[in-house]
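Here is the structure we will look at, set down as C-alpha cells.
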Number of protein chains: 2
Amino acid sequence: MHGEVVPGSALTLRGIGQEFGTSMTPAREAARRLVAEGALTMSVSGRISTPELANDRIEELASLRGLLETELAVRALPRAHLALIERLAAINSTVAEAIRRGDAVAYIRTNLEFHRTLYLRAQAPAMLALVETVWLQLGPTMRKLYGRMRQGRPPDSHRLILAALRNREEAALRVAVRTDVTKGLRLLMT
Amino acid sequence: MHGEVVPGSALTLRGIGQEFGTSMTPAREAARRLVAEGALTMSVSGRISTPELANDRIEELASLRGLLETELAVRALPRAHLALIERLAAINSTVAEAIRRGDAVAYIRTNLEFHRTLYLRAQAPAMLALVETVWLQLGPTMRKLYGRMRQGRPPDSHRLILAALRNREEAALRVAVRTDVTKGLRLLMT
DNA sequence: CATTCCAGATTGTGATCACAATGGAAGTGT
DNA sequence: ACACTTCCATTGTGATCACAATCTGGAATG
C-alpha cells in the first residue's frame, strides 16, 4: 500500500500473482485498476511500473489535495464532536511516535489515517474516493518527502487542525489543512 | 459512453463481451475499471449495474465539479489564446444545435467536449482525470437533467465563460464556470 | 573496443474452462 | 391466496493455455 513500493521499479503480473499466492488474473485486474487510478504507469506495450512524478505533477497533486481536503475538512467540521477530536489526537500521537522512531511507512500510514478519520465525518464518499486516488498517486514519492523532513520533530500543522476543530473556526481550519497538505509536498519540488 | 446506458439496468460480463464481440475477460476488466471509477456499481456478490444517484450524492458531485472545474478553468485562462476561444465558440454552437434538435446524447457529448477542450489547456492531467471520473459518475443521471431542461434554449452560461475568457477576468470566469456546472445539476435535486 | 543484430526468454492479452455462489422461478404447505 | 422452501440456471472469479509483442543477452562484425 502507501509508500511500500520503491519508485521506478518494474512489476510483472506473474510476479505479483506469485507474491500473493494467486494466479496472474487477480494481479492483472489489480494492476489495471491501479493504473486507472494513476498509482501505476503502464507503457504502450503494457509493462507495469511505478511512476516517478515530475515537479509540475507534484504541484498539481498538491493543489488537488489542498482543494479537496479543505472542502472535506469544512464539511466534517459541523459533525466533528468531541469523541472524534480525541480520536484524532490519539492518532496524531501515533504519528509523532512513528516520526520519532524513524519509521517512514508507519508515518505515511498513520498520517493518512489522521486525515481519513476526519474526512469520513464529511459524509462525502465520492470526494473521499478522489482524495484517496490522489494519495495513491503521491504514494511512491511520499518516502522521499519523509527523508527530507527534519527528523524527530512532528509538524505542528495537525495541532492547528485540532485546535480549529475544537474552536469550530472554519477559516482557521481551511488554512491549517491547506498548509499541512501543501507544505510538505513543496519540499519535494526543489 | 456518457448518457447512453439506462440507469438501474443490470449488466452481465458475458453480455458485454458478446456485445463487443470479445470474450468475457476484457469485459470484466472494463467493468471493474468502471466500478473503480464509480461509473458502475458492484454488489457484494459481484453483480454489475448502473447506479442511480441519491440527492446528496448529486450534490456532492456537483460540488466536486464546481471545485475542480473552476480551478481547471482558472489554470487554463492565461494559456487561452484566441484560436482556442474560437474553437470553444464553434463547439458551443454545436451544443446549441444539439439542444435545438432535441438530441440528448449529442448534447451531453458536445457539452462535455466544450469543457474538456478548455480544461486541456490547463496542462493538469491528473485534475482533468478526476473531473472525467466525476463526469462518468454523473453520466447515468445526465439524461434526466436534459429532460427537465427547457427545450430549444441553450443556457447562456457558456457565453459567459467565453466572455470571461476573452476579457481575461479570472473572477468572472470562476463565477461563470461554477454556475454553469452547478445550476443544471441542482435541478435534479427537487 | 564499440556497435549492430539476432535469437531465446519473458511478459501482457485474450480465450476457455471448472467451480462456487447467487438469484429467481417453480412447487408446496398452511 | 400467500409465504416459504427448494432446485436449477445464470453469473462472477480464478486458473491455465496459446500467442504475439517486447525486452535482453551475447555474438558477430566493423
Side-chain angles (χ1 to χ4, degrees), chain A residues 1-54 57 125-126 128-130 132-133 135-141 143, chain B residues 1-54 57 125-126 128-130 132-133 135-141 143:
Chain A
M1 205 53 196
H2 290 292
E4 296 178 353
V5 197
V6 208
S9 64
L11 301 185
T12 69
L13 294 186
R14 289 175 174 85
I16 300 173
Q18 194 173 356
E19 180 179 356
F20 288 101
T22 71
S23 167
M24 56 189 294
T25 311
R28 179 170 21 172
E29 293 177 0
R32 288 183 80 103
R33 172 176 171 178
L34 289 176
V35 166
E37 285 176 342
L40 292 179
T41 301
M42 192 173 63
S43 73
V44 288
S45 66
R47 300 298 168 86
I48 307 289
S49 62
T50 65
E52 24 201 348
L53 301 181
R57 199 91 328 126
L128 183 57
L130 290 195
E132 303 222 16
T133 291
W135 289 347
L136 261 131
Q137 297 186 49
L138 282 171
T141 48
R143 310 186 72 125
Chain B
M1 208 48 198
H2 291 290
E4 296 178 354
V5 197
V6 208
S9 64
L11 301 185
T12 68
L13 294 185
R14 289 175 175 84
I16 300 173
Q18 196 172 355
E19 181 180 355
F20 289 102
T22 71
S23 167
M24 56 189 295
T25 311
R28 180 175 12 176
E29 292 178 1
R32 288 184 79 103
R33 172 175 170 178
L34 289 175
V35 166
E37 285 176 342
L40 292 178
T41 302
M42 193 173 64
S43 73
V44 289
S45 66
R47 300 297 167 86
I48 307 288
S49 63
T50 65
E52 24 202 347
L53 301 181
R57 199 90 329 126
L128 182 58
L130 290 195
E132 303 222 17
T133 292
W135 289 347
L136 263 134
Q137 297 187 49
L138 283 171
T141 48
R143 310 186 72 121

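Naming: A, B, ... by sequence-line order, numbering from 1 per chain.
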With sugar-phosphate meaning primed atoms plus P, OP1 and OP2, does [X] contact a base, only sugar-phosphate, or nothing at under 4.0 Å between heavy atoms?
| X | result |
| --- | --- |
| B/Ser43 | nothing |
| B/Thr12 | sugar-phosphate |
| A/Ser45 | sugar-phosphate |

- Query: Counting side-chain heavy atoms from C-beta on, which of D/dA15, C/dG23, C/dA15 comes nearest to B/Arg47?
  - Reply: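 In terms of side-chain proximity for B/Arg47, the closest of D/dA15, C/dG23, C/dA15 is C/dG23.
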
Rounded distance (Å) that lies between atom [atom2] of [N] and atom [atom1] of [X]:
| X | N | atom1 | atom2 | result |
| --- | --- | --- | --- | --- |
| B/Met24 | D/dT11 | CE | P | 10 Å |
| A/Ile16 | C/dT10 | CD1 | P | 17 Å |
| B/Met42 | C/dA21 | CE | P | 17 Å |
| A/Ile48 | C/dG12 | CD1 | P | 7 Å |
| B/Gln18 | C/dA15 | CD | P | 13 Å |
| A/Arg33 | C/dG12 | CZ | C1' | 21 Å |

- Query: Phosphate oxygens OP1/OP2 of D/dG14: is one of them under 4.0 Å from a side-chain N or O of A/Arg28?
  - Reply: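 No.
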
- Query: Does some side-chain heavy atom of B/Gln18 sit less than 4.5 Å from a side-chain heavy atom of B/Arg14?
  - Reply: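 No - every pair of side-chain heavy atoms lies 4.5 Å or more apart.
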
- Message: Given the structure, check if the side chain of A/Arg14 and the base of C/dG12 hold any donor-acceptor pair shorter than 3.5 Å.
- Response: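 Per atom types, the contact qualifies.
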
- Item | Nearest-nucleotide comparison on DNA chain D, the residue closer to the 5′ end among A/Val44 and A/Thr25 |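 Result: A/Thr25.
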
